[in-house]
Visitor: 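Provided herewith is a single structure, encoded as structure tokens, for subsequent inquiry.
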Amino acid sequence: MREFAVDRAGVKLAVRIDGADDPAAPTIVFAHALGTSMRIWDQTIADLPDGLRIVRFDLRGHGQSDAPDGPYAMGALVADAEAICDAAKMRDALFVGLSVGGMIGQGLAIKRLDLVRALVLSNTAAKIGNAQLWQDRIAIVKRDGMPALADAVLARWFSPAFLASPDVTPWREMLLATDPEGYTGVCAAIAGTDFYTPTSGLRLPTLGIAGSEDRATPPDLVRETVDLIPGSEFRLMRKTGHLPCVEHPSEYAAILTSFAEKTGHLR
Ligand SMILES: O=C(O)CC1=CCC(=O)O1
């Protein structure tokens, strides 16, 4: 395991590489959701087979990365991911993006197809929510801080069963620990993004993953986006919400493993 920071235009971005730390090894890159960090992948990565190079990072304003003053633009989040991939000397990766991470995956594939050979669009869409939803959220956090939003966000993240269990506690703490400037900065980036047209032009192996109880990006929304890319596949995970890598990591890892076999990232 190797942890380091990539400096992009003065913003330090936290990166971690697990598995084979060799640029020639087949690589999977993971990008997380708003209000979380690269730790959402811990359990999934533990269930992936050997031989992979696994790169993950914290979005600006999240986890161990710097939180510069917002608002942020989606172009900046995509450029951050691009700088990390270049620093890791990565090409032809399988990019797994969840929620805003999936928007970043779309943006990176549109901009740098040499970096991304296959895409997993998990619990995401070309456009998420509407301007009012994100403006309201930004206003609440700026006025009252992250605790004012926590219950509503957790209800969008998790199935009722998971929400009622003690397993929810670390994820609530992760949300509450997110820097309000970073959180609202990324909300603004999501508010300003509609990838419908450029994503329609993508031609690469793509897998969509949705959760049957996802209230943030419901299955039909995920499906609408992945159907923009000809030949894409779609998997619906049952009894899970917006973060299936947290609720059902083994099942999620098995889906990724089978897709990685098809795309030649596992032999
Ligand atoms: O916080 C939410 O509502 C879920 C979400 C939307 C974009 C993202 O990254 O998380």
Side-chain angles (χ1 to χ4, degrees), residues 30-41 56-63 65 67 70-74 76-78 80-81 95-108 120-142 145-160 162-163 168 171-180 182-196 199 208-222 224-225 237 240-247:
F30 287 91
H32 65 77
L34 173 68
T36 69
S37 79
M38 65 164 101
R39 281 183 33 227
I40 64 165
W41 305 113
R56 50 182 156 151
F57 61 97
D58 286 332
L59 304 191
R60 60 172 58 209
H62 287 67
S65 289
Y72 311 149
M74 184 55 68
L77 302 186
V78 171
D80 290 347
F95 193 101
V96 180
L98 192 151
S99 204
V100 69
M103 292 180 131
I104 293 167
Q106 292 169 68
L108 191 62
V120 174
L121 298 179
S122 178
N123 307 77
T124 190
K127 174 174 164 55
I128 301 178
N130 54 46
Q132 192 63 53
L133 179 147
W134 297 112
Q135 275 161 23
D136 290 350
R137 219 184 263 205
I138 290 167
I140 290 170
V141 173
K142 287 204 179 292
M146 296 301 293
L149 211 61
D151 286 344
V153 169
L154 289 165
R156 283 165 67 88
W157 278 0
F158 296 120
S159 65
F162 193 88
L163 200 55
V168 82
W171 309 107
R172 174 186 286 273
E173 286 167 2
M174 176 178 283
L175 176 65
L176 292 174
T178 306
D179 188 301
Y183 187 88
T184 55
V186 173
C187 286
I190 299 169
T193 300
D194 182 349
F195 276 142
Y196 198 92
T199 293
I209 301 177
S212 60
E213 297 173 49
D214 184 348
R215 292 179 51 210
T217 50
D220 284 354
L221 184 70
V222 180
E224 186 186 8
T225 292
M237 291 178 64
T240 187
H242 191 59
L243 304 180
C245 55
V246 169
E247 285 198 56

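Whatever order the structure lists them in is the order used to number ligands and atoms, beginning at 1. Owing to the predicted nature of the structure, the values given are computational and were not obtained by experimental measurement.
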Visitor: Starting from atom 6 (C) of ligand 1, locate the nearest protein heavy atom and write down its residue, its atom name and how far away it is, to 0.1 Å.
Guide: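 Checking every protein heavy atom, the shortest distance to atom 6 (C) of ligand 1 gives Ser99 OG, 3.4 Å.
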Visitor: Would you check if there is a donor-acceptor pair between the side chains of Thr217 and His242 at a distance under 3.5 Å?
Guide: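 Yes, a side-chain donor-acceptor pair sits under 3.5 Å.
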Visitor: Using a strict cut-off of 4.0 Å, indicate which atoms of ligand 1 neighbour a heavy atom of His242.
Guide: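 That gives atoms 4 (C), 5 (C), 10 (O) of ligand 1.
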Visitor: Near Arg156, which atoms of ligand 1 are under 4.0 Å from a heavy atom of that residue?
Guide: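 Those of ligand 1 that fall under 4.0 Å from Arg156 are 2 (C), 3 (O).
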Visitor: Restricting to side-chain contact (heavy atoms from CB on, under 4.5 Å), what partner residues turn up for Ile140, sequence neighbours left out?
Guide: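 Ile140: side-chain contact (heavy atoms from CB on, under 4.5 Å) contacts with Arg143, Ala148, Leu149.
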Visitor: State, with a plain yes or no, whether a side-chain heavy atom of Ile209 is found less than 4.5 Å away from one of Val120.
Guide: yes
Visitor: Pull out every atom of ligand 1 sitting under 4.0 Å from any heavy atom of Trp134, numbered as shown with elements.
Guide: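 Atoms satisfying the 4.0 Å criterion: 6 (C).
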Visitor: List in chain and number order the residues that pass side-chain contact (heavy atoms from CB on, under 4.5 Å) with Ala150, two or more places apart in sequence or in another chain; answer none if no residue qualifies.
Guide: Arg172, Leu175, Leu176
Visitor: Does a side-chain heavy-atom distance below 4.5 Å link Met146 with Asp179?
Guide: no
Visitor: Heavy-atom distance under 4.5 Å between the side chains of Met174 and Ile40, does that happen here?
Guide: yes
Visitor: Could you list which atoms of ligand 1 come closer than 4.0 Å to a heavy atom of Ala33?
Guide: 9 (O)
Visitor: Under 4.5 Å between any side-chain heavy atoms of Trp134 and Ile128, yes or no?
Guide: yes
Visitor: Is ligand 1 under 4.0 Å from a heavy atom in the side chain of His32, in the backbone, in both, or in neither?
Guide: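 Contact part for His32 vs ligand 1: neither.
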Visitor: Could you see which bit of Val186 sits under 4.0 Å from ligand 1, with heavy atoms only: side chain, backbone, both or neither?
Guide: neither
Visitor: Heavy atoms, side chains only, cut-off 4.5 Å: are His62 and Phe57 in contact?
Guide: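 Contact flag for His62/Phe57 side chains = no.
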Visitor: Indicate, as side chain, backbone, both or neither, the part of Ala216 found under 4.0 angstrom from ligand 1 when only non-hydrogen atoms are considered.
Guide: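 Side chain only; the backbone of Ala216 stays clear of ligand 1.
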Visitor: Using a strict 4.0 Å cut-off to heavy atoms of Ile190, name the atoms of ligand 1 that fall inside it.
Guide: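 Taking each heavy atom of Ile190 in turn, ligand 1 has 7 (C) under 4.0 Å.
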Visitor: If you measure every N or O of Val100 against every N or O of ligand 1, does any of those distances drop under 3.5 Å?
Guide: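 N/O-N/O distance under 3.5 Å: yes.
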Visitor: For ligand 1, is there an atom lying under 4.0 Å from some heavy atom of Arg137?
Guide: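 The answer is yes, since Arg137 has a heavy atom less than 4.0 Å from ligand 1.
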